[in-house]
Amino acid sequence: MAPTEPPPGAERFIPDDAHSLDDLKKAAAGCHGCELYADATQVVFGRGDARAKIVMVGEQPGDVEDVKGFPFVGPAGHLLRRAVDAADIDPSWIYLTNAVKHFRFEMRGKRRIHQTPERQHIEACRPWLVSEFALLRPRVVVVLGATAAKAMLGPAFRVTRQRGQVLPWPDAAQHPDDFRVAPIEGGVEVPPAKLVATIHPSAVLRADDQETAFNGLVDDLKVVSAAARR
Ligand code: SF4
């Protein structure tokens, strides 16, 4: 059997003249960079202010997000919001996005069951993430779970081993040159962003001991909260 061709990727769908996150979002609606657009309801682009202090990157939209068109509005998103509140982070500080912008699923009867994106989907969609970061100036980048970690930090990064640690951004990224550091803001020098990895909130929902898993997520987000205030 002939090897499967990798998807073409999102690069050619990104307009050269995109000056805002809204411009990117509009363009992403027409993305055919991989096959995931075909079965999904719509693209689910990032959400939040371009000047957000904290950028959180998850895996992909889920069933509810696919229908509503916004990231983190399903059960995992509600849990994340509770954890953010418990960690004393102002939600208005946060820009939320995903490594893959369309919902990947399989049908079981009438139900759409989440499928983890493959490496080729992460690679195909990565140009959107890079484009978002070109317009964002966070103090902290939060990587939520293994898929986001693969997209941003490379396959060698282990969330379970390095979660809750403040790491240098973009040096911790697999391709740091893709991510701009913005040391000047309104003529004033700002400290470069930091990176903190933690589990995806859906992992808390799947955990046998949800209370312990939730508290672990909150502990990591407290590290984020402190780093964002510096
Ligand atoms: S998942 Fe990403 S690369 Fe694939 S079609 Fe959607 S936006 Fe484009």
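Start at 1 and go down the list; that is how both ligands and their atoms are numbered. The model shown is predicted, which means the values in this text are computed figures rather than measured ones. Start at 1 with the first residue, then count along the sequence.
A salt bridge does not link K26 to D22: none of the charged nitrogens lies less than 4.0 Å from a carboxylate oxygen. A salt bridge links R229 to D88: one of the charged nitrogens lies within less than 4.0 Å of a carboxylate oxygen. A salt bridge is defined here as a Lys NZ or Arg NE, NH1 or NH2 lying under 4.0 Å from an Asp or Glu carboxylate O, and R112 with D66 meets this definition.
C34 lies close to atom 4 (Fe) of ligand 1, since one of its N, O or S atoms is found at a distance under 2.8 Å. Residue contact annotation: C125 places an N/O/S atom under 2.8 Å from atom 2 (Fe) of ligand 1.
Contact analysis puts A124 in contact with ligand 1, with a non-hydrogen atom separation below 4.0 angstrom.
Under 4.0 Å from ligand 1, not a single heavy atom of F13 appears.
In terms of protein heavy-atom proximity, atom 8 (Fe) of ligand 1 is closest to C31 SG, 2.3 Å. For atom 6 (Fe) of ligand 1, the closest heavy atom belonging to the protein is H102 ND1, 2.2 Å.
A centroid separation of 6.0 Å or more is found between the aromatic rings of F45 and H102.
Every atom of ligand 1 is numbered from 1 in the order shown, and the set under 4.0 Å from a heavy atom of V100 is 1 (S).
In this pair, F13 and H32 present their aromatic rings tilted. The plane angle is within the 30 to 60° band.
From F103, atom CZ reaches atom NE2 of H114 across 7.0 Å, with rounding to the nearest 0.5 Å.
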